[in-house]
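Letters A, B, ... mirror the listed sequences (proteins, then strands); counts begin at 1. Only heavy atoms go into these numbers, but all of them, side chains included; no hydrogens, no water, no symmetry mates.
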Amino acid sequence: MSKLYIYDSMQNKKVVFEPLDTQNIRVYACGPTVYDYAHIGNARMAVVFDTLIRLLRYLFPKVTYVSNITDIDDKIIERSNLEKVSTESLTNKFSKIYNRDMKMLNVQEPDYQPKATEYIDEMIQAIAKLEKEKYAYFSDGHVMFNVNSFKSYGALSSRKQQEQIAGSRVKVSSYKKNPEDFVLWKPSKDNEPFWKSPWGRGRPGWHTECFVMATKILGTPFDIHGGGLDLKFPHHENELAQSCCFSGNLDNKKSYAKYWMHNGFVTVDAEKMSKSLGNIKLVKDYLNIYNGEVIRLSLLSAHYRSPLNWSEEVLLQSKNILMKYNKILDALKNLVIIKNTKENKIIIEIEKALLDDLNISKAFSILDASVKEINKKNEIEKKYIKEAIEFLGEIVGIFIARDDLASSKNKKNLNLNEINILIKKRNEARKNKDYKLADEMRNKLLTMGVEIEDHPEGTKWKEI
RNA sequence: GGCUCGGUGGCAGAGUGGUUAUGCAGCGGAUUGCAAAUCCGUCUACGGCGGUUCGAUUCCGUUCCGAGCCUCCA
């Protein structure tokens, strides 16, 4: 097996992935804050890391994948006040919706999907330890992480504190010793959810949950820590700082995660999809129009680190690609393949592309080339092609729900009987060379939303 | 101001020091009653300017342009 290369955001370069334990690869990726419907950006993160996990599972005997859900946070509180529901019912609702939508995109559930509120005790213990060891301080009801206590702060995002301050928009709160200090524990107002703690009634800051849950579930160091690029700073930087100080590994920035991976943004009209710009696209809205695989492949159409411009063109292109391969798979459905991955030159090439930091476009170009003259190939070659398509499909997470690329919600209730009668009538008319009548039948079917294709073996139809 | 990352043909998107992917769309052809589908063939490209080189889209320098982070965000 060749080596897996991944781009490590800590080193800012592509490196050979060398597992800490080849018998169990451990990965943590930051999931969403659930106070609204999942958007395309959430989906990109989920799909990218799901694809990485699929590849790792192909390469290694065991992979443990953790991806959290943030279910306590200021925005959640704000939204629950607005909708006059409890934070629990709000986050329950949207975490279910998130999981449902991701399932539609063939995203496999993580092995663990911890929620912040399930780890409050552990967070309190961790914060107490940081405070006791002077990495954090108590100030005006808040426990703050003291950035000055960790001299490697900024290593992940290549930032130096002083240079950030000039153009910085960071608010210097009165309870901060240093502008970059961040909240580990904050006091809750009377109408806000709270947990009892040594610092009074309050709730944890955002950056603590991931570090605590990753440490608790995976143990440190683990192999890969991932998430969206916007989390690199400050979220991941802050997780790293807490973890290094917590474990006493002040000089070892790999003591938390060995590698860091970040996926790029989804853009709309070349601008970042973001809440403040109001150009958020929701997964559920696209699931009304497209099959989940179309959306998934669209999300993988650009390399995971590049920006991905979300557009109808991308979706249409993905749909066409899926239709093409589904047709080929359909034509090859009676071929029985013998799993012979190591001998299959197409797979060897595809594997090489995937092992190069998930170069899916390259992998597809190899597949496209192999398929190009499929009609001229003999049976053995066709078996290799089929095996290769299924191989790539498995890693990329497509070609699972075949035949039907229309959204299931978009289905019309068609009268099968009527369709068959019309097709029969049309074929009779064709036999009699009454093409005018034949075309009438076809137009009638079209108005019903049925498109027909004449094949040597008979007339086929599909929904449009 | 600091720190990242990009600029490839109509669009999407890989890659490489010389033989210039791939897909979608387009065009031409085969096929078809006409279509559709399929198959075959085919045109457009590497931001600007310098440099290194026999040769650069690929390396180096410089410049212009764009995106992102430094505030919640996947």
Rounded to the Å, how far apart are A:Leu367 CG and B:U22 C1'? 11 Å
Taking atom CD of A:Glu239 and atom CD of A:Glu209, what is their separation to the nearest 0.5 Å? 8.5 Å
When the nearest nucleotide of RNA chain B is assigned to A:Thr33 and to A:Tyr7 on a heavy-atom basis, which residue is associated with the more 5' position? A:Tyr7
Atom CZ of A:Arg159 and atom P of B:G68 are separated, to the nearest Å, by 14 Å
With rounding to the nearest 0.5 angstrom, report the CG to CD distance, A:Leu329 to A:Glu390. 6.0 Å
Minimal non-hydrogen separation, A:Asn106 against A:Arg54, with atom names: O-NH2, 2.7 Å
If you check every side-chain atom of A:Ser274, which of B:G23, B:G68, B:C73 has the closest atom? B:C73
Taking only the P atom of each, what is the distance from B:A45 to B:A35 in whole angstrom? 32 Å
Within a 6.0 Å radius of atom NZ on A:Lys425, are there more than 12 heavy atoms belonging to other residues, nucleotides or ligands? no
Between atom CG in A:Asp368 and atom P in B:G23, what is the gap in whole Å? 5 Å
Is B:U52 paired to anything, Watson-Crick or G-U wobble with both distances less than 3.5 Å, and if yes, which nucleotide? none
Scanning all shown strands, the Watson-Crick or wobble mate of B:A30 with both distances under 3.5 Å is B:U38
Pairwise C1' distance for B:G15 and B:U42, with rounding to whole Å: 22 Å
P-based separation of B:C65 from B:U53 [nearest Å]: 31 Å
Tell me whether the count of non-hydrogen atoms from other residues, nucleotides or ligands lying under 6.0 Å of CD1 in A:Ile380 goes above 12. no
Would you please indicate yes or no on a ring centroid separation below 6.0 angstrom for A:Tyr37 and A:Phe94? yes
Inter-nucleotide C1' distance (B:C64, B:G48), Å rounded: 7 Å
By the 4.0 Å heavy-atom rule, please label A:Ser157 as base, sugar-phosphate, or nothing. sugar-phosphate
Is the distance between the ring centroids of A:Tyr304 and A:Tyr7 less than 6.0 Å? no
What distance, rounded to whole Å, do you find between the two P atoms, one in B:G7 and one in B:G47? 8 Å
Report the distance from atom CG of A:Asp230 to atom P of B:G68, rounded to the nearest whole Å. 12 Å
Pick base, sugar-phosphate or nothing for A:Val266, based on heavy-atom distances below 4.0 Å to the nucleic acid. base
Same-atom distance (C1') from B:G13 to B:G1, integer angstrom: 35 Å
No-H, no-angle donor-acceptor pair, A:Lys75 side chain to B:C73 base, under 3.5 Å: no
Which label fits A:His236 and A:His225: parallel for a plane angle under 30°, tilted from 30 to 60°, or perpendicular past 60°? perpendicular
Using both distances under 3.5 Å as the test, list the Watson-Crick or G-U wobble partner of B:U4, or none. B:A67
Nucleotide forming a Watson-Crick or wobble pair with B:U58, both distances under 3.5 Å: none
Roughly how far apart are A:Asp434 CG and A:Asp439 CG, rounded to 0.5 Å? 9.5 Å
Output a table of nitrogen or oxygen pairs between the protein and nucleotides 32-39 of chain B separated by less than 3.5 Å.
unit_1, atom_1, unit_2, atom_2, d
B:G33, O4', A:Tyr435, OH, 3.3
B:G33, O6, A:Arg426, NH2, 3.2
B:G33, N1, A:Asp439, OD1, 3.0
B:G33, N2, A:Asp439, OD1, 3.4
B:G33, N2, A:Asp439, OD2, 2.9
B:C34, O2, A:Arg442, NH2, 2.5
B:C34, N3, A:Arg442, NH1, 3.3
B:C34, N3, A:Arg442, NH2, 3.4
B:C34, N4, A:Asp454, OD2, 3.2
B:A35, N1, A:Asp454, N, 3.1
B:A35, N1, A:Asp454, OD2, 3.4
B:A35, N3, A:Arg442, NH1, 3.0
B:A36, N1, A:Asp454, O, 3.3
B:A37, O3', A:Lys327, NZ, 3.2

Which whole-number value in Å describes the distance from A:Asn320 CG to B:U22 P? 18 Å
State which residue, out of A:Thr87, A:Thr91, A:Thr117, fulfils the side-chain hydrogen bond (donor to acceptor under 3.5 Å, both in side chains) condition with A:Asp71. A:Thr117
For atom P, what is the distance between B:G23 and B:U38, given to the nearest Å? 13 Å
In whole angstrom, give me the gap between the P atoms of B:C60 and B:A56. 16 Å
May I have the distance from A:Asp36 (atom CG) to B:C72 (atom C1'), rounded to whole angstrom? 14 Å
Rounded to the nearest 0.5 Å, what's the gap from CG on A:Leu56 to CD1 on A:Ile224? Could you check? 5.5 Å
Determine the contact category for A:Gly41: base if any of its heavy atoms lies under 4.0 Å from a base atom, sugar-phosphate if only primed atoms, P, OP1 or OP2 are that close, otherwise nothing. base
Find every protein N or O atom lying less than 3.5 Å from an N or O atom of nucleotides 10-16 of chain B, and list the pairs.
unit_1, atom_1, unit_2, atom_2, d
B:G13, O2', A:Ser361, OG, 3.4
B:A14, OP1, A:His303, N, 3.0
B:A14, O3', A:Asn359, ND2, 2.9
B:G15, OP1, A:Asn359, ND2, 3.0

note: A:Leu229, atom CG; B:G6, atom P; distance rounded to Å ~ 11 Å
Pick base, sugar-phosphate or nothing for A:Gly264, based on heavy-atom distances below 4.0 Å to the nucleic acid. base
Could you identify the nucleotide paired to B:C24, looking across every strand shown and requiring Watson-Crick or G-U wobble geometry with both distances under 3.5 Å? B:G10
Using atom NE2 of A:His225 as one end and atom P of B:A74 as the other, report the distance to the nearest whole Å. 13 Å
Count the heavy atoms belonging to other residues, nucleotides or ligands that lie under 6.0 Å from CG of A:Asp269, then report whether that count exceeds 12. no
